[in-house]
Amino acid sequence: MIEILNVSKNYTSGRGHITALADISLSFEKGQSSVLAGKSGSGKTTLLNCIGALEKPDNGKILCNGRDICTFNQKQRALFQRREIGFVFQAANLLPWLTVAENLQFPLEMNGIRGKEQTRRISGLLATFGLAGYDTAMPGELSGGEAQRVAFARAIAHKPALLLADEPTASLDSATGYQLIQLMLSLCADQRTTLIIATHDIELIEMTDRKIYLKDGHLETKI
Ligand SMILES: Nc1ncnc2c1ncn2[C@@H]1O[C@H](COP(=O)(O)OP(=O)(O)OP(=O)(O)O)[C@@H](O)[C@H]1O
Ligand SMILES: [Mg+2]
């Protein structure tokens with residue numbers, strides 16, 4: 001359960017004062033899937049980054065199972081991100097010097113999942129994501145869709161409580177993106193992972209339990 005309470009975030013840049021998030025209050029239930037939609041610049045990435053503790057709001061609280069993540073020190077933040085969160089971005093961001101299997105191994109190692117359980121998880125993820133036989137492939141040898149499948153598999157390998165995806169299908173064709181999101185929705189439902197996806201993709205907006213619209217940093221509607 002994530003509760004966002006009166007969160008605001010402002011930036012000051014060459015363009016002057018920008019309100020990226022204005023007094024947002026919102027909660028996400030465990031296992032629920034949501035889309036964050038809204039025009040470019042409406043605050044989607046800023047909100048995802050605040051929930052993932054990549055950025056700190058200027059005001060407000062973000063309670064994750066009762067703990068305010070905005071008060072975390074660096075070490076608490078790192079542990080929170082490592083154990084409880086999976087991130088997926090528009091680009092797959094795989095580590096190019098590691099094989100596909102080693103990219104999947106990384107979050108497991110970081111969370112102390114080793115030995116037989118690690119091997120079982122990696123082969124299970126490769127099969128689930130249609131990547132059987134890709135263990136020793138290097139990221140540079142993959143298509144965009146294949147690389148993004150590895151990125152999703154890596155993001156959920158450690159069974160995070162929360163998966164945050166920022167425009168995850170933006171570089172894929174619509175059929176590939178749709179299939180990948182279908183798969184993620186069913187995996188997240190099975191694992192009771194809360195999924196929040198920021199997107200412009202109209203097709204994707206219809207797929208999740210909930211749609212949340214942002215406009216100029218304000219919550220427009222919530223379902
Ligand atoms: N580091 C920053 N410095 C200054 N302004 C920023 C910074 N990050 C975001 N902004 C501004 O905050 C507002 C919200 O940006 P954000 O990236 O959250 O929008 P978005 O909804 O994700 O847009 P897009 O759909 O284009 O990804 C925008 O006006 C943006 O220019
Ligand atoms: Mg964005």
Side-chain angles (χ1 to χ4, degrees), residues 2-28 32-64 68-70 72 74 77-78 80-81 85-94 144-145 147-148 151-152 154-156 160 162-174 176-178 180-181 184-185 188 194-223:
I2 297 152
E3 275 181 283
I4 299 173
L5 299 168
N6 306 106
V7 161
S8 306
K9 176 83 183 171
N10 302 291
Y11 293 109
T12 305
S13 71
R15 288 178 295 139
H17 181 79
I18 292 152
T19 301
L21 296 174
D23 198 27
I24 301 276
S25 293
L26 178 67
S27 59
F28 297 92
Q32 191 177 44
S33 63
S34 307
V35 145
L36 273 182
K39 279 202 258 181
S40 180
S42 56
K44 304 181 295 296
T45 295
T46 308
L47 184 56
L48 272 193
N49 287 350
C50 287
I51 298 171
L54 293 173
E55 286 187 69
K56 202 169 175 176
D58 297 332
N59 292 298
K61 293 180 179 181
I62 300 180
L63 303 179
C64 192
D68 184 0
I69 64 167
C70 308
F72 281 177
Q74 203 177 353
R77 204 163 51 238
F80 170 69
Q81 289 167 334
I85 306 232
F87 290 104
V88 184
F89 302 95
Q90 180 173 344
N93 298 325
L94 302 177
Q148 199 61 328
F152 268 103
R154 181 179 59 177
I156 60 154
L162 177 61
L163 181 66
L164 302 173
D166 196 355
E167 310 280 359
T169 57
S171 56
L172 306 177
D173 66 73
S174 64
T176 306
Y178 184 85
L180 189 49
I181 298 301
M184 281 317 290
L185 285 169
C188 286
T194 308
L195 173 63
I196 311 176
I197 310 172
T199 189
H200 291 112
D201 192 333
I202 310 262
E203 224 172 308
L204 217 155
I205 292 173
E206 297 305 324
M207 295 169 73
T208 52
D209 297 333
R210 244 170 126 200
K211 299 160 223 173
I212 298 155
Y213 288 91
L214 286 173
K215 189 179 180 190
D216 300 330
H218 292 266
L219 212 50
E220 213 176 31
T221 43
K222 58 176 172 159
I223 296 167

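Each ligand, and each atom within it, is numbered from 1 in the order the structure gives. We use all heavy atoms of the structure for the numbers below, so side chains are in, but hydrogens, waters and symmetry mates are not. Bear in mind that the values here come from a model prediction, so they are computed numbers and not experimental data.
Summary of contacts: the protein heavy atom closest to atom 26 (O) of ligand 1 is Ser40 OG, 2.6 Å. With hydrogens left out, the protein atom closest to atom 27 (O) of ligand 1 is Thr45 OG1, 3.9 Å, a heavy atom. The nearest protein atom to atom 13 (C) of ligand 1, hydrogens excluded, is given as Gly41 O, 3.6 Å; this is a heavy-atom distance. Protein heavy atom at the shortest distance from atom 25 (O) of ligand 1 is Lys44 NZ, 2.7 Å. Distance from atom 30 (C) of ligand 1 to its nearest protein heavy atom, with residue and atom name: Arg15 NH2, 3.8 Å. Here the protein heavy atom with the shortest distance to atom 1 (N) of ligand 1 is Tyr11 CE2, 3.8 Å.
Assignment of Lys9 to the shell around ligand 1 is not supported, since no heavy atom sits closer than 4.0 Å. Contact between Gly43 and ligand 1 is present, with at least one heavy atom of the residue lying under 4.0 Å from the ligand.
Looking at Lys211, its side chain never comes within 3.5 Å of a backbone N or O of Glu206 through a donor-acceptor pair. Side chain of Glu167 to main chain of Ile197: no donor-acceptor pair is present (N/O by atom type, distance under 3.5 Å, no hydrogens or angles). Side chain of Lys44 to backbone of Ala37: no donor-acceptor contact under 3.5 angstrom is found. Side chain of Gln148 to backbone of Thr169: no donor-acceptor contact under 3.5 angstrom is found.
Only the side chain of Ile18 comes within contact range of ligand 1, with a heavy atom under 4.0 Å; no backbone atom does. With a heavy-atom cut-off of 4.0 Å, Lys39 touches ligand 1 through its backbone alone.
Applying the 4.0 Å criterion to heavy atoms of His200 picks out, from ligand 1, the atoms 25 (O). Ligand-side atoms of ligand 1 in range of Glu167: 25 (O), range being under 4.0 angstrom from any heavy atom. Ligand-side atoms of ligand 1 in range of Thr46: 14 (C), 15 (O), 16 (P), 18 (O), range being under 4.0 angstrom from any heavy atom.
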Just do the side chain to side chain contact (heavy atoms under 4.5 Å, CB included) check on Leu214 and Ile24 with the steps written out, would you?
CA-CA 10 Å; Leu214 286 173; Ile24 301 276; 3.7 Å; yes

Tell me, with the steps shown, if Val88 and Arg154 meet side chain to side chain contact (heavy atoms under 4.5 Å, CB included).
CA-CA 9 Å; Val88 184; Arg154 181 179 59 177; over 6 Å; no

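Taken to the nearest 0.5 Å, the CD1 atom of Ile212 stands 4.0 Å off from the OG atom of Ser34. Rounding to the nearest 0.5 Å places CG of Leu26 at 7.5 Å from CD1 of Ile196.
Residues passing the side chain to side chain contact (heavy atoms under 4.5 Å, CB included) test with Ala53 are Ile69, Arg77, Phe80, Gln81, sequence neighbours excluded. Evaluation of the ring-ring contact (aromatic ring centres under 6.0 Å, His included) rule for Phe28 yields no partner, not counting sequence neighbours.
Below 3.5 Å of separation, one finds no N or O of Ser13 facing any N or O of ligand 1.
Around atom CZ of Phe89, more than 12 heavy atoms belonging to other residues, nucleotides or ligands sit under 6.0 Å away.
Protein N/O/S atoms closer than 2.8 Å to the Mg ion (ligand 2): Thr45 OG1.
For the residue pair Thr45/Asp166, the side-chain donor-acceptor check at 3.5 Å is satisfied.
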Run the side-chain donor-acceptor check on residues 11-23: report pairs under 3.5 Å with partners two or more places apart or on a different chain.
{"from": "Tyr11", "atom 1": "OH", "to": "Glu55", "atom 2": "OE1", "distance (Å)": "2.3"}
{"from": "Tyr11", "atom 1": "OH", "to": "Glu55", "atom 2": "OE2", "distance (Å)": "3.4"}
{"from": "Ser13", "atom 1": "OG", "to": "Arg15", "atom 2": "N", "distance (Å)": "3.2"}
{"from": "Thr19", "atom 1": "OG1", "to": "Asn10", "atom 2": "OD1", "distance (Å)": "3.3"}
{"from": "Asp23", "atom 1": "OD1", "to": "Asn6", "atom 2": "ND2", "distance (Å)": "3.0"}

